[in-house]
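Remarks on the structure that follows.
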Amino acid sequence: MSVNNAILKKHFENLGFDDAYFAVYESEATDEMQNVDSLCDRLYDIRKNGQQIVIYTDFDVDGIMSSIVAYAGLSQLGFNVGLFKPTPADGYGFRPKDVDDICNEFPDASVILTGDVGISNNEAIDHAKGKGLTVFVTDHHGGGNCSADLAVNPNQYGETYSHKGICGAYVLYKILAKYASKYSSFSAQADIYRLQMFAGIATVSDVMPLIYENRQLVRCSVSLMRYFYNYELANGVALAPPVYSDNYSRAFVGMKKLLDYFTRIRKIRKAENIDEQFYSFYLVPFLNSCKRMDGDMRGVYDIFFSEYVEPFDSFPNMSCVENGIKYVEALSEQRKVLTERYFSELLAEQRAGETENANYMTHGVYITDARPGLLGLLGSKFMGLSGIPTLVINANEDGSYSGSGRNPGWFDFVRQLDEQSINGVTCAGHAGAFGVFIADKSALDRYISFVDTVVLPAYDEMLSEAVSPYISISYKDCVHADFDADFDADTQLIKDFIDEKELFHPFGQEFPEPKFNFYLKPNSDDVIETMFGNEGQHIKLITAEGMELLLFNMALDYEKLKFDNRDKNWVLVCSGTFRYDDFNDTYYDTINYLVKEIRAQVLD
């Protein structure tokens, strides 16, 4: 793939990406997972016989999207299908109790179809089969010896599927796409094709590698999402019956209304604002709020499958799309407040030092009483600061610890932990995000020793050998003469970079977005400094050429840096990324540099 802009070339060179790399990673060619064909044949017989299928999924965003793909897709294909709504407070997994609850809610059910869950839940599967139910498991987590009637999973034992890194919703999509191609009309195949919109969201939410088929999936998802952003509902209906089933149509109405909500709160201003980063920073955290706050999943499913869009005047609290959005919005706001509170408390404790917990923190282990649903969010924030594998855990009454882990791309944490066989320490999940269990304090100390002897040396080696992922931009030759920045702050060069970068979306796991360190002298005649925000919590630095550096919620940190270095020859280092200013009518005229982290570099 041809790259013209010098900044973008530098980025791909740093990563070791060349034409051969792009040829491989842009390839969509895949084989077929085991049991897909057999499952399609079984589904055909089930539909022909009018048997009822009940869908059971996980309750994270991959699970939610899996349920939408399955429920909307099977409904559109003419199946008799029901959707069971899980309870986050019950915990992850598929349990015998869930089978009993399904049978009570759907007494005519003949089949349970799982999504994003079930591969290791033989107790529940056997319980269901004992009740005369057929169980089909679709999942993407590791496991084997599943007792389901059929299991489709790229990561189950004995599976030869070439691309293991696909999400649960995409597994279900592939099954329905194969069924439609085998047993349905061309128009039905087109209907299933649209469900890639939801599978792409799940791919981003589960931090799947954005290589191979996932790249085209996310591109397709974003393209469909932009289409529905501009779509005009007819009498509150999208893809209206009788051509489209109620459940299929409602899924798209719900997404359209969600996009309208994000437009109202100014997270979307035009269709081009919708991309994989919109998924990561706004849509996915919003939908995950039910899981993280132990909320009622019926609120989420009201968004996508309620019969009504808006409440009646006489029933303001009725189940409907708009009330579902309001319910999840309230949970999302609570999530933001609590996450920031716990993050600030832990960061203050770490900076104060002098405690055993502070020592753990230097090894990427944070012990907190935050609710379990917030631990992964905290892990991501702290990993972003340290760059090393991070565990955020609760101390349990029995002396054990449990929580969530986050892992950077440079270290194969799950494999290394498995090879070390640390007594009392186990993890399960994906390479970048996983659950962790530590049996007791002795096991925790053994883990700290593992960090000392394996993780930190590997981190130091990586830093010494690897080319820096950051591209340095210097403004007005502000750094020391011995320091050579990669580029000067050339406005036109940066505009060309922003334009050409758009051709290489999506960015994410294993295909990272360019990162920058921007160097400039504060208190310089060439830089205008202003505070903004209701409480003056934000800083804007404006260069003579009109480039704006935005330091959101960094006013105190910025002032502290200036005070601490007031008698020194220093420059401000701002880590972040460039974009056009789309908050006013000067789009394409003004460049924003969104700053994610600041530090001082003292010059000799």
Side-chain angles (χ1 to χ4, degrees), residues 57-65 67-68 83-92 198 201-202 204-205 225 229 236 250-251 253-269 273-274 278-345 368-381 392 404 533-535 537 552-553:
T57 70
D58 191 13
F59 41 75
D60 65 357
V61 170
D62 190 12
I64 295 167
M65 296 300 113
S67 65
I68 294 172
L83 175 62
F84 182 82
K85 304 171 183 67
T87 303
D90 289 345
Y92 172 80
F198 303 101
I201 297 168
V204 174
S205 76
M225 189 77 80
Y229 173 76
R250 288 167 186 164
V253 169
M255 186 55 72
K256 168 62 177 172
K257 288 297 182 180
L258 257 186
L259 294 176
D260 290 346
Y261 161 76
F262 283 109
T263 301
R264 288 198 302 272
I265 65 172
R266 300 177 68 80
K267 301 304 181 185
I268 303 175
R269 296 165 187 268
N273 293 147
I274 300 171
F278 166 74
Y279 290 0
S280 293
F281 293 115
Y282 300 113
L283 181 58
V284 168
F286 180 88
L287 292 173
N288 250 340
S289 295
C290 260
K291 163 197 167 183
R292 299 200 181 281
M293 303 301 294
D294 290 336
D296 188 336
M297 292 299 294
R298 287 176 295 185
V300 175
Y301 287 113
D302 278 349
I303 297 174
F304 296 105
F305 293 118
S306 178
E307 181 178 354
Y308 304 102
V309 174
E310 298 177 348
F312 299 150
D313 290 340
S314 54
F315 297 98
N317 297 318
M318 64 182 283
S319 173
C320 65
V321 175
E322 291 294 349
N323 280 345
I325 292 174
K326 290 178 182 177
Y327 174 76
V328 179
E329 179 186 33
L331 291 177
S332 181
E333 292 305 312
Q334 294 175 37
R335 167 189 58 81
K336 293 176 188 176
V337 170
L338 287 175
T339 300
E340 191 56 41
R341 189 192 102 192
Y342 283 109
F343 178 71
S344 299
E345 290 176 355
T368 177
D369 60 355
R371 65 194 315 149
L374 300 180
L375 303 185
L377 294 174
L378 293 168
S380 294
K381 289 171 77 71
V392 182
S404 293
N534 294 334
E535 301 175 359
Q537 71 271 34
F552 289 109
N553 297 307

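Since the structure is predicted, the reported quantities are computational estimates derived from the model, not experimental observations.
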Lys381 to Phe343 - nearest heavy-atom pair and separation: CE-CG, 3.4 Å
Are Tyr229 and Thr263 side-chain neighbours, meaning at least one heavy-atom pair lies under 4.5 Å? yes
What's the spacing between Lys291 NZ and Ile64 CD1 if we round to 0.5 Å? 9.5 Å
Establish, for the pair Lys267 and Tyr282, whether the NZ or CZ atom is under 6.0 angstrom from the six-membered ring centre and no further than 45 degrees off its axis. no
Hey, is the main chain of Val284 close enough, under 3.5 Å, to the side chain of Ser205 for a donor-acceptor pair? no
Nearest atoms (heavy-atom pairs only) where Ser319 meets Ser306: O-OG, 3.3 Å
Lys85 and Val300: CA distance, side-chain angles, deciding distance, side-chain contact (heavy atoms from CB on, under 4.5 Å) verdict: CA-CA 10 Å; Lys85 304 171 183 67; Val300 175; over 6 Å; no
What I'd like to find out is whether the side chain of Ser404 reaches to under 4.5 Å of the side chain of Val392, using heavy atoms alone. no
For Glu310, what residues pass the salt bridge (Lys or Arg N to Asp or Glu O under 4.0 Å) criterion, not counting sequence neighbours? none
Answer yes when Arg298 and Asp302 have at least one side-chain N-carboxylate O distance shorter than 4.0 Å, and no when they do not. no
If every non-hydrogen atom of Val321 is compared with every non-hydrogen atom of Lys257, which pair is closest and at what distance? CG1-CB, 3.8 Å
To the nearest 0.5 Å, what is the distance between CZ on Arg371 and CZ on Arg292? 11.5 Å
Answer yes or no: is there a side-chain heavy-atom contact under 4.5 Å between Glu340 and Asn553? no
Which atom pair, heavy atoms only, marks the closest approach of Phe59 to Pro86? CB-CG, 3.9 Å
Can you give me the closest heavy-atom contact between Cys290 and Leu331, atom names plus distance? SG-CD1, 3.6 Å
Any idea which heavy atoms bring Ile303 and Val328 closest together, and the distance? CD1-CG2, 4.0 Å
To the nearest 0.5 Å, tell me how far Asp260 CG sits from Ile265 CD1. 12.0 Å
Could you give the distance from CZ (Phe278) to CE (Met225), rounded to the nearest 0.5 Å? 6.5 Å
Side-chain heavy atoms of Asp60 within contact of Asn288, under 4.5 Å: yes
Gap separating the CG atom of Leu259 from the CG atom of Leu283, nearest 0.5 angstrom: 7.5 Å
Suppose the criterion is salt bridge (charged side-chain N to carboxylate O under 4.0 Å, His left out): which pairs have a residue in residues 325-336, not counting sequence neighbours? Glu333-Lys336
Spatial distance of atom OG1 (Thr368) from atom CG (Leu374) [nearest 0.5 Å]: 8.5 Å
May I have all residue pairs that pass ring pair (Phe, Tyr, Trp, His ring centres under 6.0 Å) and include part of residues 285-307, sequence neighbours excluded? Tyr71-Phe305, Tyr261-Phe286, Phe262-Phe286
